[in-house]
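Quick caveat: nothing in here was measured; it's all calculated off a predicted structure.
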Amino acid sequence: MSSTAELPAFDPWRPSFVADPYPAYAALRERGRAHWFEPTRQWLIPRHADVSALLRDRRLGRTYRHRFSHEEFGRTAPPPEHEPFHTLNDHGMLELEPPDHTRLRRLVSKAFTPRTVEALVPTIRRLADELADSLVASGGGDLIATVAEPLPVAVIAEMLGIPSADRPALRPWSAEICGMYELNPGEETARRAVRASLDFSAYLRELIRARRKAPGDDLISGLIAAYDEGDRLTEQEMISTCVLLLNAGHEATVNSTGNGWWALFRHPEQLALLRADPDALLPTAVDELLRFDTPLQLFERWVLEDIEVGGTVIPRGSEVALLFGSANRDPARFGRPDTLDLSRTDNPHVSFGAGIHYCLGAPLARLELIASFGALLRKAPGLRPAGEPERRENFVIRGLRELRVEL
């Protein structure tokens, strides 16, 4: 065990660290398997084997409220003024443990069967082609706003049955809510997240009411039917599930697209290989881009029973921060981990998580990324950056605010 007082390079609020956290991760891995980080009062876990194992360890949980009160767990309840955010967030399956997690995931997984996802392929390809055509017709522009954002928002909104006219509000609501997943979010971040939680919830409550009167062939109608047929699903769980799917269904894909293209632009020899044979290389390329610069750098777990990591006992009541970005660059698991290798086949990256909380939408995300990258490779073979990108200041959810490109 070491203290990060000895690790000055690890500073998730410093812009230079956010721009490139990977050297700091290497220092963490080299110095041990568990590091106490006083600013967030968390244990940082940087190595792949430990991150992978702890994601599957049932002595840890995304919540502790299914077993302990705040007082029993040695924690303080969140401020009352933050309650709208926590009500929305804590009733989604990502924040639940069995049996509630099992029940919700079973209901939602019906919308993500291989057959259902495969049926979306023509729609995803058509949307990706249209967005790529638009970028080419404009002679370039911001790849994030014109390609990366619209595709996954349209797909997940279509699955849920969100009317087209209402979709522009989804991304801003999502961004405000996701601000609370950063380390030590401030009061202004909390205030915006609470406002977005209230607005998003009110919108979905109205949409659910409309779908009750006129059901459609969409996931919200399916959840209503499950509710009406006696499946134990509350309206709040329904709302929280929809928000989770909308947030997770596009946030990671948007950032994977931006991070991925920026990685390709910085590795022209790999981009040239991909352009030469995109159909053959894209499946492994997408997973390698997810490994190389993952959109989710950190995932938190509560310690429900004492655990030991590398000789360090981490007691019940602690919180661990599983460093996905570090695990994905661990030389103990990946050959030449800091090298972008689009043909890498032995690639057990943790970007989609593992265990019972493994990303339900992983197959859909891969399809969207393959379609999006493929469309741009075909239609804009000379695509190149038009300057340095504008990076989001967030650490946990890693992505670009803007990536201007030209043909």
Basic-acidic side-chain contact under 4.0 Å: [X], [Y]:
| X | Y | result |
| --- | --- | --- |
| Arg167 | Glu158 | yes |
| Glu237 | Arg103 | yes |
| Arg58 | Glu97 | yes |
| Glu251 | Arg392 | yes |
| Asp346 | Arg333 | yes |
| Asp287 | Arg366 | yes |
| Glu206 | Arg209 | yes |
| Arg316 | Glu305 | no |
| Glu402 | Arg404 | yes |
| Arg192 | Glu176 | yes |

Heavy-atom count around [X] [atom1] within 6.0 Å, excluding the residue itself: above 12?
| X | atom1 | answer |
| --- | --- | --- |
| Glu83 | CD | yes |
| Arg125 | CZ | no |
| Asp277 | CG | yes |

In Å, rounded to the nearest 0.5 Å, how long is the span from [atom1] of [X] to [atom2] of [Y]?
| X | Y | atom1 | atom2 | result |
| --- | --- | --- | --- | --- |
| Arg14 | Phe395 | CZ | CZ | 12.0 Å |
| Ile239 | Ser197 | CD1 | OG | 11.5 Å |
| Leu340 | Glu269 | CG | CD | 7.5 Å |
| Arg62 | Leu94 | CZ | CG | 4.5 Å |

Pair Val194, Arg191 - check side chain to side chain contact (heavy atoms under 4.5 Å, CB included), show working. CA-CA 5 Å; Val194 165; Arg191 187 192 66 77; 5.9 Å; no
[X]: partners by side-chain contact (heavy atoms from CB on, under 4.5 Å), with sequence neighbours left out:
| X | result |
| --- | --- |
| Arg384 | Glu406 |
| Gln42 | Thr40, Leu183, Glu300, Glu319, Ala321 |
| Asp330 | Arg29, Arg47, His48, Ala332 |
| Pro150 | Leu131 |

For the residue pair Trp261 and Phe265, does the interplanar ring angle fall in the parallel (under 30°), tilted (30 to 60°) or perpendicular (over 60°) class?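 Ring orientation, 0 to 90° scale: tilted.
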Can you say whether the rings of Phe37 and Trp13 are parallel (under 30°), tilted (30 to 60°) or perpendicular (over 60°)? parallel
Side-chain donor or acceptor of [X] paired with backbone N/O of [Y] under 3.5 Å:
| X | Y | answer |
| --- | --- | --- |
| Glu72 | Ser69 | yes |
| His35 | Gly32 | yes |
| Ser134 | Glu130 | no |
| Asp293 | Asn259 | no |
| His82 | Pro78 | no |
| Arg31 | Ala26 | no |
| Thr284 | Leu281 | yes |
| Arg301 | Leu54 | no |
| Thr253 | Pro152 | no |
| Thr146 | Asp142 | yes |

Mind running side chain to side chain contact (heavy atoms under 4.5 Å, CB included) on Leu96 and Thr102 for me, showing each step along the way? CA-CA 9 Å; Leu96 294 172; Thr102 309; over 6 Å; no
Just do the salt bridge (Lys or Arg N to Asp or Glu O under 4.0 Å) check on Arg59 and Asp306 with the steps written out, would you? CA-CA 8 Å; Arg59 293 174 297 171; Asp306 293 0; over 6 Å; no
Do we see a donor-acceptor contact under 3.5 Å between the side chains of [X] and [Y]?
| X | Y | value |
| --- | --- | --- |
| Ser240 | Gln236 | yes |
| Ser343 | Asp341 | yes |
| Ser52 | Arg56 | yes |
| Thr113 | Thr116 | yes |
| Asp338 | Tyr22 | no |

Just jot down the side-chain hydrogen bond (donor to acceptor under 3.5 Å, both in side chains) partners of Ser221, sequence neighbours excluded, or say none.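 If we apply the side-chain hydrogen bond (donor to acceptor under 3.5 Å, both in side chains) test to Ser221, skipping adjacent residues, the hits are Asp218.
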Could I get the full list of side-chain hydrogen bond (donor to acceptor under 3.5 Å, both in side chains) partners for Asn328, not counting sequence neighbours?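 Asn328 satisfies side-chain hydrogen bond (donor to acceptor under 3.5 Å, both in side chains) with Ser351 once adjacent residues are dropped.
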[X] to [Y] - nearest heavy-atom pair and separation:
| X | Y | result |
| --- | --- | --- |
| Ala145 | Glu149 | CA-OE1, 4.2 Å |
| Pro46 | Ser326 | O-OG, 2.7 Å |
| Asn255 | Ile397 | ND2-CG2, 3.4 Å |
| Phe373 | Ser256 | CZ-O, 4.3 Å |
| Ile220 | Arg211 | CG2-CG, 3.9 Å |
| Leu282 | Gly374 | CD1-CA, 3.7 Å |

Please assess Tyr64 against His70 for the test ring pair (Phe, Tyr, Trp, His ring centres under 6.0 Å), listing each intermediate value before the final yes or no. CA-CA 8 Å; Tyr64 54 81; His70 291 302; 5.7 Å; yes
Does the side-chain hydrogen bond (donor to acceptor under 3.5 Å, both in side chains) test come out yes or no for Asp20 and Tyr25, once each step is laid out? CA-CA 10 Å; Asp20 183 11; Tyr25 290 156; over 6 Å; no
May I ask you to establish whether Arg344 and Phe292 are in a cation-pi arrangement, using a distance under 6.0 Å from NZ or CZ to the six-membered ring centre and at most 45° from the ring axis?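 The answer is no, since Arg344 fails at least one limit relative to Phe292.
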Does Glu118 form a salt bridge (Lys or Arg N to Asp or Glu O under 4.0 Å) with Arg115? I'd like the steps, not just the answer. CA-CA 5 Å; Glu118 189 64 28; Arg115 179 180 294 181; over 6 Å; no
The side-chain contact (heavy atoms from CB on, under 4.5 Å) partner of Arg33 among Thr312, Leu28, Ile45, Val309 is Val309
